[in-house]
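So the structure is just underneath, and the comments pick up after that.
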Amino acid sequence: MEIRTVQFEKPEELNLILGQSHFIKTIEDLHEVLVGASPTLKFGVAFCESSGPRLVRKSGNDPELVELAVRNALSIGAGHAFVILLKDGFPINVLNAVKAVPEVCGIYCATANPVEVVVGESEQGRAILGVVDGGSPLGVEDDEDIASRKELLRRFGYKL
């Protein structure tokens, strides 16, 4: 098996969800969940079919995000992997609904950080082995950092 990393391509302001599913219906069900989450959410979804014609299935309400999701799905190339790109919304607002889609097996990451996808390739195909999400810790938060974290959460409206 050959192991390599694939740099996830996205502008800094976009969020992503990378996961694995198991059925062609995934693309439509993910679209329905996302379009129902918020009237202002922009998204693109791509799903790597792993049998039959083995196509990258695509959907979304923003053509540029759909195209970017497709490019990332093709670069990763792992069977049954799906890519969701979000604009004007955050994974925290849709993640439970995405995980509740019956076809979704699991989520590798949900982030706005730079991401590298660790991919294993055998004669049969590719698999996602894991992800590198952002950078490694540089230290431990102090009292000032705690206050800044709490202020940020309140500014975003996630805490009172």
Side-chain angles (χ1 to χ4, degrees), residues 1-31 33-34 37 41-60 62-141 145 149 152-153 156 158:
M1 176 175 283
E2 182 181 327
I3 298 174
R4 65 187 187 99
T5 60
V6 175
Q7 184 69 46
F8 198 96
E9 177 191 349
K10 73 169 197 61
E12 191 174 302
E13 70 274 7
L14 295 183
N15 282 270
L16 73 96
I17 299 172
L18 177 63
Q20 186 170 23
S21 186
H22 70 86
F23 191 48
I24 193 172
K25 190 168 81 75
T26 300
I27 195 71
E28 291 180 39
D29 289 354
L30 288 174
H31 181 105
V33 160
L34 294 167
L41 181 67
K42 301 293 183 208
F43 65 91
V45 184
F47 169 68
C48 296
E49 185 178 51
S50 69
S51 60
R54 297 193 333 233
L55 301 173
V56 172
R57 305 297 179 163
K58 61 184 180 172
S59 192
D62 183 299
E64 290 178 13
L65 295 180
V66 171
E67 179 57 36
L68 187 54
V70 166
R71 281 200 313 268
N72 279 289
L74 285 169
S75 293
I76 295 164
H80 283 152
F82 66 84
V83 171
I84 299 172
L85 289 170
L86 303 172
K87 183 178 180 182
D88 300 330
F90 300 99
I92 194 170
N93 304 122
V94 299
L95 194 55
N96 281 336
V98 168
K99 290 189 292 187
V101 170
E103 300 87 42
V104 171
C105 300
I107 303 294
Y108 293 103
C109 70
T111 188
N113 292 331
V115 168
E116 289 181 331
V117 182
V118 182
V119 175
E121 186 167 3
S122 71
E123 288 183 27
Q124 181 175 321
R126 290 185 181 174
I128 296 174
L129 304 179
V131 296
V132 180
D133 182 350
S136 298
L138 299 174
V140 177
E141 67 181 353
D145 297 316
R149 170 174 44 87
L152 178 69
L153 292 172
F156 283 162
Y158 288 116

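Only heavy atoms go into these numbers, but all of them, side chains included; no hydrogens, no water, no symmetry mates. Please read all numbers here as calculations on a predicted model, not as lab measurements.
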Is the number of heavy atoms from other residues, nucleotides or ligands under 6.0 Å of Glu116 CD greater than 12?
yes
Taking NZ, NE, NH1 and NH2 as the nitrogens, is one of them in Glu49 or Arg57 under 4.0 Å from a carboxylate oxygen of the other?
yes
Taking the side chain as C-beta and beyond, is there a heavy-atom pair between Leu65 and Leu86 under 4.5 Å?
no
Just wondering, more than 12 heavy atoms not from Arg149 lying within 6.0 Å of its CZ?
yes
Going through the distances and angles, do Gln20 and Ile128 end up as a side-chain contact (heavy atoms from CB on, under 4.5 Å)?
CA-CA 9 Å; Gln20 186 170 23; Ile128 296 174; over 6 Å; no
Looking at Phe8, is its backbone amide N or carbonyl O close enough to the side chain of Asn72 to form a donor-acceptor pair, meaning the two atoms are under 3.5 Å apart?
no
Is there a donor-acceptor contact under 3.5 Å linking the side chains of His80 and Ser50?
yes
Tell me which pairs pass ring-ring contact (aromatic ring centres under 6.0 Å, His included) where either residue lies in residues 98-135, with sequence neighbours left out.
none
Heavy atoms, side chains only, cut-off 4.5 Å: are Phe90 and Leu95 in contact?
no
Output for pair (Leu74 CG, Ile76 CD1), nearest 0.5 Å, gives 9.5 Å
For residues His31 and Ser59, report the shortest heavy-atom separation together with the two atoms involved.
ND1-OG, 2.7 Å
Which atoms form the tightest heavy-atom contact between Thr26 and Glu103, and what is the distance?
OG1-CB, 3.3 Å
Any chance you could lay out the side-chain contact (heavy atoms from CB on, under 4.5 Å) test for Val132 and Thr5, step after step, and finish with the verdict?
CA-CA 9 Å; Val132 180; Thr5 60; 5.6 Å; no
For the pair Val70 and Phe47, evaluate side-chain contact (heavy atoms from CB on, under 4.5 Å) and give the outcome as yes or no after the intermediate values.
CA-CA 8 Å; Val70 166; Phe47 169 68; over 6 Å; no
Is it true that, when you exclude Glu12 itself, more than 12 heavy atoms of the residues, nucleotides or ligands shown sit nearer than 6.0 Å to its CD?
no
Heavy-atom pair of closest approach, residues Asn15 and Pro91
OD1-CD, 3.3 Å
Taking the side chain as every heavy atom from C-beta outward, state whether Glu9 and Arg71 have any pair of such atoms under 4.5 Å apart.
yes
Any idea which heavy atoms bring Phe43 and Val45 closest together, and the distance?
CD1-CG2, 3.8 Å
State the CG-CG distance between Asn93 and Asp88, to the nearest 0.5 angstrom.
11.5 Å
Please indicate whether Gln7 has more than 12 foreign heavy atoms, meaning atoms of other residues, nucleotides or ligands, lying under 6.0 Å from its CD.
yes
Below 4.5 Å, heavy atoms only, C-beta onward: do Val94 and Leu41 meet side chain to side chain?
yes
Looking at every non-hydrogen atom in both residues, tell me the closest pair between Ala112 and Lys10 and how far apart they are.
O-NZ, 2.8 Å
Find out whether Pro11 and Leu14 are in side-chain contact, i.e. whether some heavy atom of one side chain is under 4.5 Å from a heavy atom of the other.
yes
Validation row: Leu18, Val117 side chains within 4.5 angstrom (heavy atoms)
yes
Check whether any side-chain heavy atom of Ile17 sits under 4.5 Å from a side-chain heavy atom of Val83, and report yes or no.
no
Here the pair of heavy atoms bringing Ile92 nearest to Tyr158 is CG2-OH, 3.0 Å
Would you say Val98 and Asn96 make side-chain contact, with heavy atoms under 4.5 Å?
no
